[in-house]
Amino acid sequence: MEDELDVLDPNGRGRAAELLLPLALVQGVGLADRGLWLRMANALRRPRSKEILPRALETVLRQTEAVLVTAEHRPGRPVAHRLDHAGYGTALLARARLSPAAAHRRLFDELYGAAYRDWDRADAYTLAHLGAHAAQARTDTGGPEEDTDPLEELFADPGFLVRTEPDVMLPLAAPLAPTCDGAALYRRVGARFKRRTEPAQRRALLRAEAFVSHPEIFRGLADLPEFAGQPWDEVWTDLPPEPLELSLPAPLGGARALSWTGADGGTIAVAGRGEIAVRRADTGGYVRTVRTGEVGHGRRAVLTEVRESATRAGRFLLAHDGRSLHLWSGDERLPRRTYHWGGRIGSLTLARCGDAVQAVVADGHCVWGWRWPSGGGPAAEARSDVLPIRASRVALLGLRDRSFLLTAAGTVTLHELHGKPAGEQSLVWRGWDLRAPGQTAFDAAALPDGDEHGRLAVADGDTAEVWRLSAPGYTTEPTVGSRLTVRTTAREIALGHHGERPLLALHEGSTVRVLEITDPSCERSFELSSQRNGLAFDPLRTGRLAIGDGDEVRLLDVPAAAGHARAARRRDHDQRPVVGLTAARRGAPALLSRVWGNTVRVTRQDARDGATGAALALDHDDRVTAVSALWCEDHWTLAAAAGRRVHLWRLAADLTGHERDGHLTLGGNRGEQVPGLGLVAAAGGPELFVPVGRRVERFARAGGTWGRTGGVEAADVKVRGVGARTAGEHTWVLADCGDTLGLWRSTPDGFAAAGRRAAAVERPAGAVLGTGHLDGTYVPLVAWARGDYVHLARCADGHWTTDSSPSPHGTPTALAFAGPPRQPLLLAFGGEGTVAVRDLADGTWRDELAVPYRGMEVAAADAVHDTGLGITLALQGRGRCDQIRLPERLVRGAPRSTRAR
């Protein structure tokens with residue numbers, strides 16, 4: 001390269017070396033933007049030297065292309081240039097007398113300074129790769145001491161974070177997260193940024209997450225115009241802040257399997273596609289990488305299980321890919337041995353057993369074992385055994401004086417191993433069945449609990465069972481007791497300790513649940529963004545849990561989660577989330593009702609401050625499927641449907657007291673659920689409308705008790721939902737009858753038909769009833785969804801005027817009416833966003849009120865309007881409930897011509 005430069009630019013007047021220097025530092029595929037290239041070259045030129053002009057760049061490119069520089073032609077995109085050899089970059093930096101860190105710092109200052117506070121003007125290269133320059137500039141020791149950390153500067157700039165590439169910034173966030181709030185916040189949202197690329201969507205995600213976990217950052221966002229201009233206020237959530245996590249980058253192919261050993265202060269082996277990366281558990285520092293051989297066409301197979309054990313003589317590392325078992329020893333980068341299988345390996349276990357290291361593999365037909373003397377290490381000759389045990393899952397338990405093997409398939413069996421099998425003596429001494437033949441086990445685990453005790457566990461996709469083993473002495477028959485059974489869909493489990501408390505981790509798809517074995521009511525749950533495998537507790541009894549989550553390994557601090565009061569939030573797969581929000585008098589907090597299993601949780605929600613005052617938990621004997629509430633002058637009335645009963649409650653205005661107000665027995669099949677309730681304030685007092693089979697029944701409170709006051713035959717088969725609204729002097733009742741919608745006006749004399757329309761209402765959004773003061777009178781409004789389309793009907797004098805339009809966010813999961821009576825709004829929740837708002841006066845969707853996706857899929861929702869405060873929205877997901885507000889100034893901000901007269 002030096003020779004070529006001497007020929008092309010003998011005296012340096014052409015500044016060829018200075019113009020090529022940016023290519024020594026460029027990230028990605030190369031430089032395609034000539035203007036950016038020139039800016040970078042000028043940022044790197046010697047102090048007090050003349051500015052480099054564009055014509056010099058064109059001249060150097062003509063001279064060096066195909067000599068020192070490679071041009072990559074990309075269809076439909078500018079030509080990208082890069083150095084022909086990586087070694088050229090080192091020579092160019094040496095020629096310029098610049099260290100790589102100092103050069104990256106100059107580029108960072110140039111690119112960051114040009115785009116600071118106005119990232120919309122930044123070029124694509126800066127947005128994508130500025131983080132990489134900042135990371136490499138951090139090692140610059142020649143800069144002023146007062147210089148800020150460039151990477152921390154970027155993590156403190158939300159405008160940059162919502163526009164940059166997560167693939168670049170996420171790996172850089174992990175080591176900074178413990179000391180940098182911005183990096184910790186990005187750790188929480190970066191993975192979701194990969195799927196949400198628009199800055200507006202990312203702003204919503206980042207702001208909502210900051211509201212939960214980083215209040216100082218959240219308050220700072222209010223000073224940034226692009227965040228302050230968002231149309232909604234984050235008000236409240238019932239989700240507690242998550243403790244900060246350390247994360248480790250996964251190897252090629254993602255985190256597929258994990259092993260955590262206590263040696264050298266704790267290391268974690270992470271298996272991916274044909275390679276295993278070993279890192280320190282406390283800092284995430286890199287230790288080494290080992291690889292398997294190629295299986296064909298230059299590819300390596302995905303490793304599905306890994307186990308590591310350390311002895312005085314060296315480390316054992318075993319892993320399998322389903323077809324081959326690989327053994328590494330010490331610091332070897334390639335396997336010392338590889339065993340190829342004719343069938344398929346199902347499970348692998350490795351443990352210290354007495355003065356030996358024992359490995360066992362199960363393939364569904366038999367069990368294979370290898371034993372190495374611990375003093376000889378992996379280089380020593382191993383004893384091998386083949387056992388006629390038809391098991392698919394195995395787990396070894398090594399105690400001080402005795403060793404056991406747990407095998408599981410349809411039957412779960414515990415085997416005791418010979419301490420020092422000699423000659424032809426079998427590896428297994430004796431065995432006991434722990435469970436009769438049943439469902440096939442998907443995973444097995446074992447963990448010592450002292451010198452003479454241990455825990456054994458299996459999971460079969462429906463339940464997880466845990467036993468406690470006691471094995472005192474050398475020959476006494478062990479006892480197995482303290483059986484714990486947990487209902488779970490987990491197919492992967494792990495056992496661990498927090499101090500003396502034993503823990504069980506259950507990998508339930510997109511959630512990991514951790515519970516204390518001796519007190520199963522103590523649960524924690526953690527959401528995952530991926531469903532890859534890998535689960536391992538810290539063997540040093542800290543309670544930390546490593547979990548493979550896509551392109552990273554998360555180290556979950558289970559004890560810290562307990563300190564943050566992070567109770568497990570779980571619903572049965574067939575349980576539909578139910579939420580209700582009920583207005584009180586003007587300016588007073590609304591009543592929020594949330595259903596969790598058999599319990600209705602009730603709180604008062606201030607429009608600006610969220611939950612206030614006391615909270616109640618109303619327990620029922622059956623699962624609650626519907627709830628409705630009503631403000632009644634000086635108290636709240638709440639109805640909850642549980643099984644074939646509707647329970648009525650009378651709640652104090654401030655929720656400091658409550659009492660039962662009777663119940664209604666509906667009859668019918670016990671398993672039949674009540675799909676909805678309508679509780680309204682009618683002229684004569686509160687009225688409750690309940691779907692019962694094909695009918696809608698009306699109940700009212702009179703003389704201190706609730707009783708039936710009428711009903712109507714609504715459906716040919718079954719009423720699937722009901723709604724009721726009172727406005728002015730009228731009470732309307734809506735029934736979803738499967739293939740039709742029926743509307744009635746409730747009167748003291750019965751039900752007066754107000755219209756019927758054919759409609760295929762889709763779940764879960766269903767059909768909702770509202771009212772609006774249009775054309776000088778109150779009229780009922782009905783909305784329902786079918787696919788992406790939201791249908792709206794105005795009902796007057798028995799006639800339905802219907803129109804439909806596609807929801808901007810796709811298929812909604814919930815619908816609600818809100819807004820002033822003369823300017824009713826229809827809210828469509830869920831889909832690809834949080835909520836879209838349609839103005840019923842002119843039928844347009846109000847873009848200025850739309851709320852994009854905030855990090856939670858909305859499963860159910862409700863809304864109330866309070867004049868002067870705006871619209872309060874309750875958003876219920878599978879595991880959390882949020883409250884946001886659309887301010888009144890925006891709600892009433894529609895052009896005058898679009899408002900209803």
**Message:** Tell me whether Asp451 contacts the main-chain N or O of Arg400 through its side chain, where contact means a donor paired with an acceptor under 3.5 Å.
**Reply:** no
**Message:** Quick test of your reading of the model: are Arg670 and Asp622 salt-bridged, counting only N-O distances below 4.0 Å?
**Reply:** yes
**Item:** Contact summary for Gly284 and Leu248, nearest pair of heavy atoms
**Value:** CA-CD2, 3.3 Å
**Prompt:** Would a 4.5 Å heavy-atom cut-off, applied to side chains only, mark Arg576 and Arg763 as touching?
**Reply:** no
**Request:** Can you measure from CZ (Arg430) to NE2 (His418) and round to the nearest 0.5 angstrom?
**Result:** 10.0 Å
**Flag side-chain contact, heavy atom, 4.5 Å: Thr485 against Glu465** = yes
**Request:** Would you indicate whether Arg541, at its atom CZ, is surrounded by more than 12 heavy atoms from other residues, nucleotides or ligands within a distance under 6.0 Å?
**Result:** yes
**Item:** Expected output: side-chain Arg491 to main-chain Ala459 donor-acceptor under 3.5 Å
**Value:** no
**Exam field: side chain His320 to backbone Gly322, donor-acceptor pair closer than 3.5 Å** = yes
**Asked** Sub-3.5 Å donor-acceptor pair from the side chain of Asp549 to the main-chain atoms of Glu552, do we have one?
**Response** no
**Request:** Using the six-membered ring wherever Trp is involved, compare the ring planes of Phe316 and Trp372 and label them parallel, tilted or perpendicular (cut-offs 30° and 60°).
**Result:** tilted
**Asked** Are Leu303 and Arg256 close enough that some pair of their side-chain heavy atoms sits under 4.5 Å apart?
**Response** no
**Asked** Stepwise, does the side chain to side chain contact (heavy atoms under 4.5 Å, CB included) test hold for Leu515 with Leu506?
**Response** CA-CA 8 Å; Leu515 54 86; Leu506 306 165; 4.2 Å; yes
**Asked** For the atom pair CH2 (Trp467) and CG (Leu434), what is the distance rounded to the nearest 0.5 Å?
**Response** 5.5 Å
**Message:** Between the side chains of Arg315 and Glu308, is the shortest nitrogen-to-carboxylate-oxygen separation below 4.0 Å, so that they form an ion pair?
**Reply:** yes
**Side-chain (His326) to main-chain (Thr338) donor-acceptor, under 3.5 angstrom** = no
**Prompt:** Got a second to check how far Glu305's CD is from Leu350's CG, nearest 0.5 Å?
**Reply:** 11.0 Å
**Message:** Here's one to test your reading of the geometry: is the NZ or CZ of Arg196 within 45 degrees of the ring axis of Tyr853 and under 6.0 Å from its centre?
**Reply:** yes
**Message:** Among Gln876, Arg594, Arg880, which residue satisfies the side chain to side chain donor-acceptor pair (under 3.5 Å) criterion with Asp238?
**Reply:** Arg594
**From CA spacing to verdict: side chain to side chain contact (heavy atoms under 4.5 Å, CB included), Ser403, Gln358** = CA-CA 10 Å; Ser403 303; Gln358 180 73 52; over 6 Å; no
**Asked** Is the number of heavy atoms from other residues, nucleotides or ligands within 6.0 Å of CG (Asp621) greater than 12?
**Response** no
**Prompt:** So, do Pro520 and Leu484 sit near enough that their side-chain heavy atoms are less than 4.5 Å apart?
**Reply:** yes
**Asked** Any sub-3.5 Å donor-acceptor pair from Thr349's side-chain atoms to Leu396's backbone N or O?
**Response** yes
**Message:** Pair Glu275, Arg300 - check salt bridge (Lys or Arg N to Asp or Glu O under 4.0 Å), show working.
**Reply:** CA-CA 8 Å; Glu275 66 180 41; Arg300 293 184 171 92; 5.9 Å; no
**Request:** Go through the steps for Trp341 and Val361 under the test side chain to side chain contact (heavy atoms under 4.5 Å, CB included), then give the verdict.
**Result:** CA-CA 11 Å; Trp341 243 253; Val361 171; 3.8 Å; yes
**Message:** Nearest 0.5 angstrom please: Asp538 CG to His498 NE2, how far?
**Reply:** 10.5 Å
**Asked** If you take all heavy atoms of Leu258 and Ala536, which pair is closest and at what distance?
**Response** CB-CB, 4.3 Å
**Request:** Decide yes or no for Val486 and Arg513: does some side-chain heavy atom of the first lie under 4.5 Å from some side-chain heavy atom of the second?
**Result:** yes
**Complete:** Separation between CG (Leu317) and CD1 (Ile276), nearest 0.5 Å, reads 4.5 Å
**Request:** Quick one: closest heavy-atom pair of Ala173 and Arg187, and the distance?
**Result:** CB-CG, 3.7 Å
**Complete:** Rounded to the nearest 0.5 Å, the CZ atom of Arg291 sits from the CG atom of Leu252 at a distance of 8.5 Å
**Item:** Which atom of Ala471 lies closest to which atom of Pro478, heavy atoms considered
**Value:** CB-CB, 4.1 Å
**Asked** Does the side chain of Pro249 reach to within under 4.5 Å of the side chain of Arg279, using non-hydrogen atoms?
**Response** yes
**Prompt:** Given side chains that start at C-beta, do those of Glu477 and Trp432 come closer than 4.5 Å, heavy atoms only?
**Reply:** yes
**Prompt:** Leu170 and Asp551: side chain to side chain contact (heavy atoms under 4.5 Å, CB included), yes or no, with the steps?
**Reply:** CA-CA 10 Å; Leu170 262 180; Asp551 295 331; over 6 Å; no
**Request:** Without swapping roles, check the side chain of Ser347 against the backbone of Ala362 for a donor-acceptor pair under 3.5 Å.
**Result:** no
**Asked** Has Arg468 got more than 12 heavy atoms of other residues, nucleotides or ligands less than 6.0 Å from its CZ?
**Response** yes
**Request:** For residues Tyr339 and Trp370, establish whether the separation of their ring centroids is below 6.0 Å.
**Result:** yes
**Item:** NZ/NE/NH1/NH2 to OD/OE distance under 4.0 Å, Lys420 and Asp355
**Value:** yes
**Prompt:** Would a 4.5 Å heavy-atom cut-off, applied to side chains only, mark Phe442 and Ile493 as touching?
**Reply:** no
**Asked** Which atom names give the shortest non-hydrogen contact between Ala860 and Val579, and what distance separates them?
**Response** C-CG1, 3.7 Å
**Asked** Just by distance, do the side chain of Ser392 and the backbone of Ala408 share a donor-acceptor pair under 3.5 Å?
**Response** yes
**Request:** Report yes or no: does Asp557 contribute a side-chain atom to a donor-acceptor pair with the main-chain N or O of Arg544 at less than 3.5 Å?
**Result:** no
**Message:** With a 6.0 Å cut-off (strictly less than), is the heavy-atom count around CG of Asp331, excluding the residue itself, greater than 12?
**Reply:** no
**Asked** When you measure from the side chain of Arg524 to the backbone N and O of Val512, does any donor-acceptor pair fall under 3.5 Å?
**Response** no
**Residue that, paired with Leu414, satisfies side chain to side chain contact (heavy atoms under 4.5 Å, CB included) out of Leu456, Asp433, Leu397, Leu405** = Leu456
**Fill in**
Between Arg402 and Tyr474 the two heavy atoms that sit nearest each other are NE-O, 3.4 Å
